[in-house]
Structures are given as structure tokens and as C-alpha cells.
Amino acid sequence: MNKTQPIKIRQPEESLLPKGLPSIQIAPSLLSANFTILAEEIRKVEEGGADLLHVDVMDGHFVPNITIGPPVVQSLKAVTRIPLDVHLMIERPENFFEDFRQAGADILTIHQEVCHHLHRSIQAIKEKGMKAGVAINPSTPVHILDCILPDVDQIVIMSVNPGFGGQQFIPLALSKIKNLRNMIRQAELDNKVSILVDGGIKLDNCLSVAQAGADILVLGSGIFHTPDPAATVKQVRELIEAGQP
Ligand code: DX5
Ligand code: ZN
């Protein structure tokens with residue numbers, strides 16, 4: 001696989017990758033971290049070499065759960081230099097773009113399913129100086145993204161139904177990743193649009209997700225519910241670089 005990854009910040013490590021094998025970005029999801037010691041949890045995944053921090057924002061309407069909002073994102077920003085990848089699982093996300101910009105979000109992802117005017121919303125995120133992502137649920141087909149691909153920085157393929165950490169990976173996501181990779185390649189957007197996969201990724205399936213064509217893997221419970229999150233981040237990267245489960 002030969003993909004350039006626009007959101008990548010780990011240039012030195014990239015050059016160490018064996019030729020011809022995929023480079024990957026790892027985004028631990030703080031949803032599965034211990035919320036009473038978030039700064040410590042962040043230290044652990046920093047030590048492991050995490051590329052992004054994935055922050056799940058839920059509103060109890062679009063998804064059946066409530067999590068955190070801009071004040072917590074602002075606190076996270078104060079304790080890390082890793083870019084914050086903020087995944088909005090909320091209705092009317094456009095009402096909060098400015099709040100999340102001020103809080104320090106680097107990437108803002110919104111769901112295709114809640115946006116009446118997706119193109120307008122994506123432009124609004126980018127005009128505020130953030131990178132823009134579109135997420136799709138397991139039941140949403142990738143072809144629906146055809147007209148928005150040239151405008152986004154990342155597509156988030158949900159490999160679980162959004163709302164909770166610790167769910168089982170939905171296998172159909174693998175063919176969606178492959179199809180989306182083909183769409184991106186045909187549109188000659190490999191250097192511009194990243195594929196992020198979110199949900200149910202663990203040590204035992206991270207390689208197949210990477211091989212299907214993902215650029216960025218989100219792992220929540222797969223990292224924070226292991227005894228040594230720093231070691232797990234490294235292990236994910238090693239497994240993918242080795243190309244063997
Ligand atoms: C689910 C969230 C995911 C979740 C992933 O709605 O969007 O980011 O934190 O958690 P795991 O890796 O445990 O499935
Ligand atoms: Zn998420």
C-alpha cells in the first residue's frame with residue numbers, strides 16, 4: 001500500500017517503516033479511559049506513540065448516550081500536544097463548531113446522517129481553520145460520499161453503531177473500507193483524504209482493518225482496557241508494520 005496521509009504528524013517514524021507496508025496512524029479513544037485521571041491516561045498513550053487523540057462527543061439524541069463537550073476538550077488541549085480528533089455524534093452539529101474551535105479541536109468530524117446541508121457544514125468547519133471529517137454509520141453506504149469526497153480531510157467508517165465503547169467490530173466495515181479506498185483512488189484523492197475506522201478494533205483485527213485500506217485506527221477499549229496502554233499502542237503499530245497478526 002502506498003498512501004500519503006495528510007493528517008500524519010509522525011514523519012520521522014514514517015521513514016522507518018519497511019518499504020511497501022502500510023503506515024498507519026493510531027488514535028486512542030478517550031471514551032474508554034479513566035475519566036478521573038485523563039491527563040495521566042493521555043501521558044500513557046503519548047508514551048506509546050499515539051498520533052491523534054480521539055474524543056467522542058455524544059448528545060443523547062443522535063446516539064443513546066451522553067458524554068462530554070467543549071469545556072472538557074479545552075482541558076484536554078491544555079495537557080497534550082497531540083492533535084485532537086473530535087467526533088461529534090450530535091444533532092445540529094453546526095451549532096457547536098465555534099465552541100469546539102475555541103476549545104482546541106484540530107479535526108472536527110460530523111455525521112452524514114444528521115446533516116441536511118453537508119457541503120455547507122464541511123465548508124464551515126474548514127473556514128474555522130479545522131480539518132473536516134464526515135462519519136457514516138454501519139448502515140450508510142459509502143457511495144453516498146461521492147460528491148463530498150473532494151471537500152473533506154477524512155472519512156470515518158463506523159465499524160460499530162455509534163454510542164458506546166467496547167462493542168464488537170461489524171465485519172461489513174471491511175468491504176466498505178475497501179470500496180471507499182477504491183473511490184478515493186479513482187478520484188485521485190489519496191494524498192488528501194484519510195480513512196479513519198472507528199469501533200471494535202483490537203490487537204486481533206487491527207491488521208485486517210489496515211490492510212483493507214484504513215489510514216487511521218481508533219481504539220478505545222482495545223487500548224485503555226489493557227494492562228499497559230503505552231505498550232498496546234506500540235504493539236498495534238508493530239503488528240501492522242510486520243504485516244502479520
Ligand atoms: C463509538 C465511538 C468510538 C468508541 C470506540 O460510538 O465513536 O470512538 O470510543 O471504542 P472501542 O474501540 O472500544 O470500540
Ligand atoms: Zn468515535
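Whatever order the structure lists them in is the order used to number ligands and atoms, beginning at 1. Small disclaimer: the values here were computed from a predicted structure and weren't measured.
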> Between ND1 of His87 and OD1 of Asp56, what angle is found at the Zn ion (ligand 2), rounded to 10 degrees?
Replying inline: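 The two atoms subtend 90° at the Zn ion (ligand 2).
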Does any donor atom in the side chain of [X] or [Y] lie under 3.5 Å from an acceptor atom in the other side chain?
X      : Y      : value
Asp215 : Gln25  : no
Ser194 : Asp153 : no
Asn34  : Thr36  : yes
Ser221 : Lys202 : yes
Glu98  : Gln102 : yes

>> Between Leu219 and Ser29, is the side-chain contact (heavy atoms from CB on, under 4.5 Å) condition met? List the steps.
In response: CA-CA 6 Å; Leu219 291 90; Ser29 167; over 6 Å; no
>> Below the 3.5 angstrom mark, is there an N/O of Asn161, backbone or side chain, next to an N/O of ligand 1?
In response: no
> Taking N or O atoms only and a 3.5 Å limit, does Met89 qualify as a polar contact for ligand 1?
Replying inline: no
>> Check contact between Met58 and ligand 1, using heavy atoms of the residue and a distance below 4.0 angstrom.
In response: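 Heavy atoms of Met58 do come under 4.0 Å of ligand 1.
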>> Below 4.0 Å from ligand 1: does a non-hydrogen atom of Met158 turn up there or not?
In response: yes
With atoms numbered from 1 as shown, which atoms in ligand 1 lie under 4.0 angstrom from a non-hydrogen atom of [X]?
X      : answer
Asp56  : 2 (C), 3 (C), 4 (C), 7 (O), 8 (O), 9 (O)
His54  : 8 (O)
Leu31  : 9 (O)
His87  : 7 (O)
Gly166 : 11 (P), 13 (O), 14 (O)
Pro162 : 6 (O)
Gly199 : 14 (O)

> Which heavy atom in Val57 sits nearest to a heavy atom in Ile90, and how many Å separate them?
Replying inline: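 It is O-CG2, 3.8 Å.
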> With sequence neighbours excluded, what pairs up with Glu41 under the salt bridge (Lys or Arg N to Asp or Glu O under 4.0 Å) test?
Replying inline: Lys44
> Once you round to the nearest 0.5 Å, how far does CD1 of Ile216 lie from CG of Asp85?
Replying inline: 6.5 Å
Which residue holds the protein heavy atom closest to [atom], what is that atom called, and what is the gap in Å?
atom                    : value
atom 14 (O) of ligand 1 : Gly200 N, 2.8 Å
atom 10 (O) of ligand 1 : Gly165 CA, 3.6 Å
atom 6 (O) of ligand 1  : Gly163 N, 2.7 Å
atom 1 (C) of ligand 1  : Phe164 O, 3.5 Å

> atom 13 (O) of ligand 1: which of Ser221, Gly222, Gly220 has the nearest heavy atom?
Replying inline: Ser221
> Of Thr109, Asp198, Leu219, Val156, which has the heavy atom at the shortest distance from atom 5 (C) of ligand 1?
Replying inline: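 Minimum heavy-atom distance to atom 5 (C) of ligand 1 goes to Asp198.
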> Arg181 and Ile184: side-chain contact (heavy atoms from CB on, under 4.5 Å), yes or no, with the steps?
Replying inline: CA-CA 5 Å; Arg181 174 55 59 200; Ile184 290 174; 3.9 Å; yes
> Using 30° and 60° as the class limits, which term best fits the ring planes of His111 and His87: parallel, tilted or perpendicular?
Replying inline: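 Ring orientation of His111 relative to His87: parallel.
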> Given Lys77 and Asp106, is the salt bridge (charged side-chain N to carboxylate O under 4.0 Å, His left out) satisfied, shown in steps?
Replying inline: CA-CA 10 Å; Lys77 192 69 182 174; Asp106 296 279; 2.8 Å; yes
>> Please give the atom name: the N, O or S atom of Asp198 nearest to the Zn ion (ligand 2).
In response: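 The Asp198 atom nearest to the Zn ion (ligand 2), restricting to N, O or S, is OD2.
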